[in-house]
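One structure below.
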Amino acid sequence: MKAIVDCNSFYAACERVFKPALHGKPVVVLSNNDGCIVSRTDEAKQLGISMAGPYFQHREEILRHKIAVFSSNYHLYGDMSRRVMDTLRLLSPEMEVYSVDECFLDLTGIDAAKLRDYALFIKHTTELWTGIPVSVGIAPTKVLSKLANRLAKKDKKGTGGVVVLQTREQLMRAMQQVQVEDIWGVGNAGSQKLHMFNIHTAWDLSLMSEEWARHHLGGVTGVRLVRELKGHPCIEMKDPLVSKKMIATTRMFGKAVYELPELRQAVATYIGRAAEKLRRQQGAAGMITVFVVNHQPKYHVNDYTPSSRSAYRILPTPTYLTNTLIAQAMPLVEALYQQGKRYIKAGVILSHIVPCDHIQFNLFEEPESPQLQKLMHTIDNINFGIQTDILKFAAAGTAKNWKMRQEMRSNRFTTRWDELCIVR
DNA sequence: TCTGGGGTCCTAGGACCC
DNA sequence: TCTGGGGTCCTAGGACCC
């Protein structure tokens with residue numbers, strides 16, 4: 001059996017841990033740049049605040065209902081996520097961290113009759129140790145456990161936040177309650193198609209043949225999905241040690257950018273951040289992609305149609321050195337830049353990643369000098385230990401007019417000495 | 001005024017090879 | 001009139017996830 005443990009309204013829950021007065025009150029958290037609403041507590045959902053809605057469109061109701069609003073505080077959420085995962089690691093032999101607020105557990109070997117008690121134990125322990133409420137779904141496959149979890153979240157009172165699906169009866173009744181668009185792995189395109197075939201619930205879909213799924217539901221992906229719904233596991237637990245194949249750093253600007261020097265600075269800054277992630281997984285990138293997005297505002301309010309251009313370069317030798325990556329990327333920025341455009345976003349993507357002890361050096365290139373390697377290491381240590389970005393490359397600039405807005409960020413309670421909670 | 005960021009996997013189709 | 005067959009590798013783009 002597989003379990004999925006999912007934190008309820010994770011970002012908002014993190015804020016509540018350090019502001020107990022907000023318990024039982026509506027809270028929302030915004031995306032970077034205070035752009036969209038990305039986390040809402042149940043109380044905020046009940047007031048009609050929709051997911052991923054632009055903040056400025058909801059500002060009035062948020063004020064009217066006195067909803068607490070926070071800018072995103074990734075230092076805090078990252079650290080709270082680590083605490084939740086560390087707790088769960090102690091409670092299960094095999095786990096896969098699926099996202100910042102979710103993880104799968106393999107419960108093979110646990111007595112079927114005790115599964116519900118075990119799920120409750122997981123839930124209570126996590127909440128007691130971290131202050132973050134979670135829901136638990138347990139079923140024979142990953143897809144079915146996600147489905148169980150959805151039912152647990154939807155009716156927290158009725159289910160106690162825990163749903164276990166074991167018998168054929170239980171599975172059937174659960175699947176009949178879930179619409180196809182709410183199945184893990186079925187998106188917009190898939191669900192529209194399914195409805196056209198008169199398949200509306202997870203149960204309907206589970207009755208289809210694998211051949212049918214192969215033809216109409218995206219080949220092997222569809223087959224896997226139908227098999228999982230039928231109760232045959234075929235989406236494996238993933239190895240936690242596998243490194244990322246691609247590393248991206250992309251941001252909307254806080255203020256539109258028109259000039260090339262500013263655009264170069266932004267891209268150089270993002271490369272610094274991406275290279276840091278790359279070194280953390282001890283990788284070297286063989287390819288760098290840069291993209292820029294521009295948007296000319298039109299006459300109607302709802303016309304949001306940005307357009308983007310990108311360019312890439314295959315590096316002569318894979319590297320993790322920030323300065324080399326910046327040097328490779330700057331000509332790309334210059335090629336992409338068009339005078340007079342109003343840039344609202346840019347990003348870099350590092351790919352063709354190899355382990356850095358496996359770099360295949362080019363016959364005509366000098367291998368990277370040990371001093372440069374040491375320099376990177378030192379920069380990372382200082383930036384991580386003392387203060388983010390205290391050391392950076394000159395190309396990244398210092399003015400940063402384009403930097404994102406975060407006007408309502410809470411303190412980084414768990415990762416900064418000077419921002420700790422004060423208890424009187 | 002104002003619309004996030006970071007990933008994975010799969011497939012089709014082109015390039016290339018013998 | 002008529003122009004092979006089979007295979008691999010790579011990339012772009014779509015779909016999906018949180």
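Below, read A as the first sequence line, B as the second, and so on, with proteins coming before strands; counting in each chain starts at 1.
- Note on A:Y98: only backbone sugar-phosphate atoms sit closer than 4.0 angstrom, heavy atoms only; bases stay farther off.
- The base-pairing partner of C:dT8, taking Watson-Crick or G-U wobble contacts with both distances under 3.5 Å, is B:dA15.
- Of the two residues contacting DNA chain B, namely A:S243 and A:G219, the nearest-nucleotide position lying further toward the 5' end is that of A:S243.
- In this structure, a donor-acceptor pair under 3.5 Å is present between the side chains of A:E15 and A:S410.
- Counting any heavy atom pair closer than 4.0 Å across all strands shown, A:S72 reaches no nucleic acid atom.
- Mapping A:A248 and A:R59 onto DNA chain B by nearest heavy atom places A:R59 at the nucleotide closer to the 5' end.
- In this structure, A:G347 reaches neither bases nor backbone, as no heavy-atom distance under 4.0 Å exists between it and the strands shown.
- Ring planes of A:W184 and A:Y98: perpendicular class, angle over 60° (limits at 30 and 60°).
- With hydrogens and angles left out, the side-chain atoms of A:N198 and A:H200 include a donor and acceptor closer than 3.5 Å.
- As judged by a 4.0 angstrom heavy-atom cut-off over every strand, A:K277 is placed among residues touching the sugar-phosphate backbone only.
- Residue A:R150 is classed as having no contact, given no heavy-atom separation below 4.0 Å to the nucleic acid.
- Using a 4.0 Å cutoff to heavy atoms of chain A, the contacted part of DNA chain C runs 5' to 3' from C:dT11 to C:dC18.
- Side-chain contact of A:Q296 with A:R342: a donor-acceptor pair under 3.5 Å is absent, judged by distance alone.
- Between A:E276 and A:R280 a salt bridge is recorded (basic side-chain N to carboxylate O distance below 4.0 Å).
- For the pair A:K142 and A:F104, the cation sits on the ring face: its NZ or CZ lies under 6.0 Å from the ring centre, inside 45° of the axis.
- Within the 4.0 angstrom heavy-atom criterion, no nucleotide atom of any strand lies near A:V100.
- At a threshold of 4.0 angstrom between heavy atoms, the contacts of A:L30 with the nucleic acid are absent.
- A:Y74 comes within 4.0 angstrom of no nucleic acid atom, judged by non-hydrogen atoms across all strands.
- Residue-level contact check: A:I183 touches the backbone only, with heavy atoms under 4.0 Å from sugar-phosphate atoms and none from bases.
- Using P as the reference atom, B:dC17 and C:dT3 are 25 Å apart when rounded to the nearest Å.
- Nucleic acid contact for A:D34: none, since no nucleic acid atom lies under 4.0 Å from a heavy atom of the residue.
- At a cut-off of 3.5 Å, with distance as the only test, no side-chain donor of A:E127 or A:H124 sits close to an acceptor on the other residue.
- Counting any heavy atom pair closer than 4.0 Å across all strands shown, A:N33 reaches no nucleic acid atom.
- Residue contacts shown for A:K146 are limited to sugar-phosphate atoms, with no base heavy atom under 4.0 Å away.
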